[in-house]
2 protein chains.
Amino acid sequence: MVEFQTPHLDAVFHALSDPTRRAILHRLTEGERTVSELATPFNMSLAGASKHIKVLEGAGLVRRHVQGRTHYCQLEAARLAEAQEWLRTYERFWTTRLDDLEAILREEDRALARSSEQSTSSPAKSDKTSRSTK
Amino acid sequence: MVEFQTPHLDAVFHALSDPTRRAILHRLTEGERTVSELATPFNMSLAGASKHIKVLEGAGLVRRHVQGRTHYCQLEAARLAEAQEWLRTYERFWTTRLDDLEAILREEDRALARSSEQSTSSPAKSDKTSRSTK
DNA sequence: AATATATTAAACCAAATGGTTGACTATCGA
DNA sequence: TCGATAGTCAACCATTTGGTTTAATATATT
């Protein structure tokens, strides 16, 4: 009732919830790959991998074009953009946290600076996140 | 086998794959809510909603503090940041600005290819974009 | 003390998921 | 034409999921 209808997101997030499928997507960033090529790295039957690919296809994350007996798969990122767009709504809820963390880290940096002169100047955002997620 | 272990992402993406759970998260952006408060908008038993909340909690997206008989839920966005971070890797595949840039780089590559022969046939998208994202 | 409220727990159910194997289809190469 | 190759399909299986209902637990309220 209060719901937003976002049928895509269901499928996209579900597709992304499996590590095999995420790995397949990652593999496809290197370029077009056949079904067999995508399947080989996994300790899984071809049919199994094929099913994963079909899930990705169903979620609109992979496009396929058949050439003879070979099925070429290609990353289709538009739906990933939709997912990220959804997540963007929540950005403010972690950026504020990172700002808090930044304050803490700046404090630490200040402490470190007392002994040895280091890069205390500009803590780039990437720095903060890389530290926090570790 | 060849893959990275990212146990969080499994749980986070799975949690996000359900519209009820996404709605709950959205609701929590307005502030702390009790389990009953979260449950009421849905045509679902309290126990059902409670289970959804537990899934979100298990994925680290919700924190709960109990006060008497009331359970207060709170959005915990850090894991959402991890999910977005994962998606960020794929940004270059949908950002049209970068696609435009890609055309420019391809032009440069063509100029370079005149002197040194490389794999111009296969679309080594990663090569082109690695330059653009830097 | 008795009762209402907030919430979880447990048992159950139908459907979906992630995987298998074996058969089938189509195409490529000799 | 024959056999290998690429891939799907269908049936099957165990587990998980999303939901229910009926207790059970703990805390408020009167």
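For clarity, every value in this text was computed on a predicted model and none was experimentally measured. Below, all heavy atoms of this structure are taken into account, side chains as well, without hydrogens, waters or symmetry copies.
Rounded to whole Å, atom C1' of C/dT5 lies 11 Å from atom CG of B/Leu46. Rounded to whole angstrom, the span from the CZ atom of B/Phe13 across to the P atom of C/dT17 amounts to 17 Å. Atom P of nucleotide C/dT17 and atom CE of A/Met44 are separated by 15 Å, given to the nearest angstrom. Between the P atom of D/dA6 and the CD1 atom of A/Ile53 lies a distance of 14 Å, rounded to the nearest Å. Regarding A/Arg33, its CZ atom lies at a distance of 17 Å from the C1' atom of D/dA6, rounded to whole Å. Whole-Å rounding puts the A/Arg64 CZ to D/dA6 P distance at 15 Å. Here C/dA6 presents its C1' atom at 15 Å from CD of B/Glu32, a figure rounded to the nearest Å. Whole-Å rounding puts the B/Glu37 CD to C/dT5 P distance at 16 Å.
Classification of B/Lys54 and B/Glu57 as a salt-bridged pair fails, no side-chain N sitting under 4.0 Å from a carboxylate O.
Distances shorter than 4.0 Å separate some side-chain N or O of B/Lys54 from OP1 or OP2 on C/dA9. Of the side-chain N and O atoms in A/Ser45, one or more sit less than 4.0 angstrom from OP1 or OP2 of C/dT20. One finds a side-chain N or O of B/Arg21 lying less than 4.0 angstrom from the OP1 or OP2 phosphate oxygen of D/dG18.
Which of D/dA28, D/dT8, D/dT20 sits closest to the side chain of A/Val35 comes down to D/dT8. The side chain of A/His14 lies closest to C/dT17 when the candidates are D/dG19, C/dT17, D/dT17.
The residue among A/His52 and B/Ala47 whose nearest nucleotide of DNA chain C is located toward the 5' end is B/Ala47. A residue-by-residue look at A/Gly48 and A/Arg69 shows that A/Gly48 has its nearest nucleotide of DNA chain C further toward the 5' end. When each of A/Tyr72 and A/Lys51 is assigned the nucleotide of DNA chain D bearing its nearest heavy atom, the one mapping closer to the 5' terminus is A/Tyr72.
Put simply, the side chain of B/Val12 does not reach to within 4.5 Å of the side chain of A/Phe13, judged on heavy atoms. Side-chain contact between A/Asp10 and B/Asp18 is absent, with no heavy atoms from C-beta onward closer than 4.5 Å.
Across every non-hydrogen atom of B/Trp94 and A/Leu80, the tightest pair is CZ3-CB, 3.6 Å.
Relative ring orientation between B/His26 and A/Tyr90 is described as perpendicular, the plane-to-plane angle rising above 60° on a 0-90° scale split at 30° and 60°.
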